[in-house]
Structure formats: structure tokens, C-alpha cells
Amino acid sequence: MNSDIGSDNGFEAVIGLEVHSQLLTRTKMFCSCPNVFGLKPNSAVCPTCLALPGALPVINFEGIKLAVKAALALNIGINKKSLFARKNYFYPDLPKGYQISQYLDPVSSGGHLMIKTEAGKDGLKEKKIRINRLHIEEDAGKLIHIGNLSYVDLNRAGTPLVEIVSEPDISSASEAVSYLKALREILVYLGVSDGNMEEGSFRCDANVSVRRKGDNTLGTRAEIKNVNSFKFVEKAIEYEIERQIGVILSGGKVIQETRLYDSKENLTRSMRGKEEAHDYRYFEEPDLPPLVLSEEFINEIKNSIIELPEAKRRRYVSEYKLSEYDAEVLTQDKDIAFYFEGLIDTAKGGNADGGGLEVKKLANWVINELLSELKAREGEGRSMIEKADFLELISAVESGTINRNTGKTVLAEMLSSGKKASGIIREKNLAQVSDDKGIEDALKQVLEENPKELSDLLAGKDKLFGFFVGEVMKKTKGRANPKKVNEILKKLTMEKKA
Ligand code: ADP
Ligand code: MG
Ligand code: ZN
């Protein structure tokens with residue numbers, strides 16, 4: 001595909017994203033069925049989510065809390081009074097014939113998210129993407145097509161969603177991905193969503209239009225539905241920008257429509273004409289009261305919001321004096337970030353100087369050793385080691401009880417067996433031989449076993465120094481402290497020369 005198109009032919013892209021994120025509640029948004037992925041089809045359903053006559057919805061308070069939390073973290077203004085509305089459409093996965101959503105009065109509106117961009121011509125690396133609104137709604141069920149037959153699974157019907165709608169402030173496919181990553185990171189950090197794109201709990205509709213540079217009016221947009229990976233979002237938008245430019249350059253007009261991305265062919269295909277709001281015949285949901293939130297409730301949620309990843313990264317650089325790269329790696333996973341911070345606290349406990357272990361050293365251990373061990377064990381279910389035990393291991397290496405390579409082996413063993421470092425070192429006899437007597441004995445043996453090399457060394461063949469050090473390492477199975485071996489060898493040869 002010609003990636004020049006779109007960059008320098010007088011056009012610019014305008015993109016707005018609608019993100020749907022499922023909420024990590026225990027039960028569905030308007031009934032008490034479990035909100036769990038992967039259950040036996042149609043096993044998590046009840047009269048309410050099946051829309052049996054007479055069944056009424058009840059608002060899930062946990063869902064409201066999570067939605068408000070997300071809105072606050074995304075700098076979106078909370079509306080103390082909001083309304084639920086019926087969005088009417090007919091589809092086999094929607095038993096009621098309407099979806100409960102929010103329309104004119106959403107729970108929150110007017111916010112923004114800062115994203116990282118590649119430095120543009122203005123040299124800026126950060127860009128503010130305005131968020132129009134975040135509202136609460138329920139998900140539909142799922143259609144499954146096998147051969148000529150279609151099946152419907154209604155377990156997902158009624159599960160809680162927030163829809164987050166950006167303003168059309170995004171100008172490229174890579175900015176769109178950057179926005180989605182920042183958004184997903186926050187939702188996952190807060191425990192609002194599991195962010196699982198493969199399972200569809202975090203998915204996005206991309207609205208794309210193009211216009212001639214300098215135009216102030218927006219071009220006609222196409223909406224690409226339900227793209228479920230960062231890579232596909234990027235490719236779908238890139239494709240769509242080029243397609244629309246192509247249409248215009250060949251004298252045609254872009255039509256407003258809904259398109260689907262085909263990842264196998266890497267193209268978008270027209271699915272249907274775009275429906276307008278009036279097609280949905282929105283009206284206020286008569287079965288639910290208005291949602292009224294107190295100042296107190298909002299403040300309580302505000303106070304429960306933990307430090308977000310971007311703030312953590314800035315603090316790691318300013319307070320811990322770590323590099324941006326280190327800060328980035330350490331904060332990618334919330335559990336790791338908190339583990340690392342706990343490690344620092346534990347190291348400091350009792351010792352004002354951090355127990356002699358600098359933060360930078362701890363960061364290196366986590367980044368270089370712990371993370372790679374955890375990565376190698378991915379999928380086995382993470383079993384973390386106690387912070388105090390990890391610190392014991394780090395101290396053992398830093399103080400020279402064991403060398404760095406042995407340290408790595410011990411860490412692996414700790415992770416798989418749950419044993420403490422000291423136990424493993426003792427059991428496997430891994431401690432470095434640093435005591436003079438032990439090394440001297442080994443060295444004397446080696447000298448005795450190699451009389452020819454010894455006399456050459458004494459005659460001035462200094463290269464043999466390395467040979468003897470190597471032999472001692474072999475004899476001690478790598479546990480001798482090489483620095484000590486050097487010192488003692490020097491001392492012994494001096495004596496012999498004298
Ligand atoms: P809907 O898609 O439900 O009709 P909206 O009209 O509110 O809802 O728009 C949805 C999304 O489309 C928003 O993210 C908005 O920024 C984006 N959008 C609207 N007009 C354009 C356009 N001309 N080009 C690109 N994105 C647009
Ligand atoms: Mg839309
Ligand atoms: Zn139900």
C-alpha cells in the first residue's frame with residue numbers, strides 16, 4: 001500500500017473514536033445475572049435480560065460507581081442528574097428491541113485526554129484530545145454464525161458498558177492508537193475494565209473523514225465498526241483515509257455509511273447506510289428513574305482514584321531519579337508498579353538509607369531480572385515472591401555472598417519453588433567462596449597439579465595468571481570470588497619468587 005498518499009497531497013484526515021468498554025461489575029447493568037465472559041451460552045440470563053413481559057430493570061450501583069470513576073479519571077465533567085433512554089433498533093441479539101442507553105443527558109460530558117504523538121511540525125509531542133461524553137449503556141447479546149445457521153447467545157445481553165466519545169481531534173492512525181492505548185491503560189489501572197480486546201470488552205468504532213488542508217468544514221465521514229485490536233484500528237484507518245482520498249481525487253463523493261474492516265484482506269467494506277439519531281427514535285426510559293448523584297458520592301469516588309500511570313511515570317523520574325525508559329517499563333503493569341513501590345518501602349523499613357540498596361538498583365533488578373523471569377512464566381499464573389524475600393536475594397548478590405549469575409538462578413528457583421534465597425543458597429551450596437583459607441587451599445592444589453605452568457609463571461610468563469584463576473574457578477565450581485583468587489595468587493607467587 002502506498003503510504004505516501006495522505007501525507008503530502010493536500011489532504012488531511014479527521015478522526016473521532018467511539019470506544020465501548022465493558023465494566024468489571026459482578027452482575028449485569030439492570031439485573032442480577034453474572035457478568036462473566038465465556039460461560040455456557042444462554043446460562044447467564046433471566047426474565048429481565050431476556051425481556052420477558054413484565055420484567056423490570058434495576059440499576060446496578062457498582063456499574064454507576066465504575067462509570068463515574070472512569071469519567072473522573074478522564075477529566076470528564078460529572079452531571080449530577082442524568083437520564084436513561086431507549087435506543088430502538090431491531091436485531092436478533094437484542095431481545096427487548098431497544099437498548100437502554102443515555103442520550104440527551106449522559107452521566108458525564110466535556111473532558112479530555114492527553115496523548116503522546118510523534119513530534120509534528122509544531123514540535124509538540126503531546127496532544128489534547130477532547131472527549132465529548134462518557135455514558136452508561138447495556139451491551140447486546142452475540143450472534144454466532146456456523147455454516148448456514150446462526151445462533152444467539154444472550155449471556156452478554158445487559159452487561160454494563162461505558163461509551164466514550166471523542167471529539168474529531170485525532171489526525172492520524174497512529175494518534176488514534178495512541179489515544180486508545182492511553183484510554184485503555186487508565187481503565188485497566190482503575191479496575192474499571194479488563195481491557196481485553198480479543199474478548200471484545202474494549203472495542204472501538206472509528207469515524208474517519210478527509211478534507212483538503214485548510215478547509216474548516218468537516219468532510220463526510222465513514223464509521224468503521226467494532227475493530228478489536230490496536231493493529232487493526234491502525235490498518236483500518238490507514239486504509240480508509242486512502243480510500244476516501246482516492247474517491248475524491250477520482251471525482252467521486254464520500255458517502256456517509258457504516259463500514260466493516262476485513263483484516264484478512266486489509267480493507268473496509270460498506271455494511272449499511274449510516275443511521276441517524278432519529279432512526280433510533282430515542283425516548284426517555286420510562287422504567288428507570290433519573291440518575292441523581294450527590295456531591296458526597298462523587299467526592300468519595302474521586303478520593304478512591306489511585307495514582308494513574310502517567311503521574312507515576314513523572315514521579316519515578318522526578319522523585320526516584322529513574323530514566324523515562326525505566327519509568328515506562330515499571331508502570332506498564334499496575335501490579336508491577338505497586339510491587340516496585342512496595343519493594344522500596346520494604347527496603348527502607350528500619351533503614352533510613354533504604355537498607356543500602358539504591359532505588360536505581362532495585363529498579364534494575366525488577367526490570368532486568370524479575371520481569372524477564374515472569375515473562376518466561378507467562379500463562380502459568382503469576383506467583384510473585386514476597387518483597388522481603390526478593391530484597392534478601394538482592395542483598396546476597398550486592399554483598400558478594402553469591403555472584404550475579406548465581407543470583408539469576410536463585411531467583412528462578414524462588415519463583416518456581418516459593419523457597420527463600422537463603423534456603424536455596426544453603427541447600428545447593430551456592431555461596432561464593434570468599435574466605436581466604438578456602439581459596440588458598442584450592443589454589444595450592446592447583447599449583448601443585450600444574451608444576452610446569454607454575455615454573456613458567458615464576459619465570460615471568462604473566463599470561464599464565466589467567467590460567468590459574470580459571471583452574472581455581474573450575475575447582476570451586478564457579479563459586480570462588482575471582483577478585484580474591486587474584487589477590488591470593490599474587491601473594492603466593494610473590495612468596496615463591498622471594
Ligand atoms: P453517532 O456516530 O452515534 O451518530 P456522533 O455524531 O456524536 O454519533 O459522532 C460520533 C463520532 O464521530 C464522534 O467521535 C465524533 O467526533 C466523530 N465525528 C463526527 N463527525 C465527524 C467527521 N466529519 N469526521 C470524523 N469524525 C467525525
Ligand atoms: Mg457512532
Ligand atoms: Zn439477567
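Every heavy atom of this structure was used, including side-chain atoms; hydrogens, water molecules and symmetry mates were not. All ligand and atom numbering here is 1-based and tracks the order in the structure.
Annotation: angle subtended at the Zn ion (ligand 3) by Cys33 SG and Cys46 SG is 100°, to 10°.
Interface atoms of ligand 1 facing Val165, defined by a heavy-atom separation under 4.0 Å, are 13 (C), 14 (O). Less than 4.0 angstrom separates some heavy atom of Leu218 from each of these atoms of ligand 1: 23 (N). Every atom of ligand 1 with a heavy atom of Glu223 under 4.0 Å away is listed here by number and element: 2 (O).
Ring centers of Phe61 and Phe297: under 6.0 Å apart, within the cut-off.
Between the choices Asn207, Thr217, Val210, Asp205, the shortest heavy-atom distance to atom 26 (N) of ligand 1 belongs to Asn207. Compare Ala13, Ala222, Ser166, Ser209 by their heavy atoms: the one nearest to atom 13 (C) of ligand 1 is in Ser166.
Across every non-hydrogen atom of Val366 and Leu343, the tightest pair is CG2-CD2, 3.7 Å.
In this structure, the side chain of Asn207 does not engage the main chain of Ile15 through any donor-acceptor pair within 3.5 Å. The main-chain N or O of Ser171 is found under 3.5 Å from a side-chain atom of Glu175 such that the two form a donor-acceptor pair.
Checked for salt-bridge contact, Glu240 and Arg243 meet the test: a charged N lies under 4.0 Å from a carboxylate O.
Remark: Lys225 fails to qualify as a cation-pi partner of Tyr261 under the 6.0 Å distance and 45° angle criteria applied to the six-membered ring.
Only the backbone of Leu17 comes within 4.0 Å of ligand 1, judged by heavy-atom distances.
Of the N or O atoms in Pro168, one or more lie within a sub-3.5 Å distance of an N or O in ligand 1. At under 3.5 Å, a nitrogen or oxygen of Gly219, whether backbone or side chain, sits near a nitrogen or oxygen of ligand 1.
Residue Glu319 qualifies as enclosed at atom CD: its count of foreign heavy atoms under 6.0 Å is above 12.
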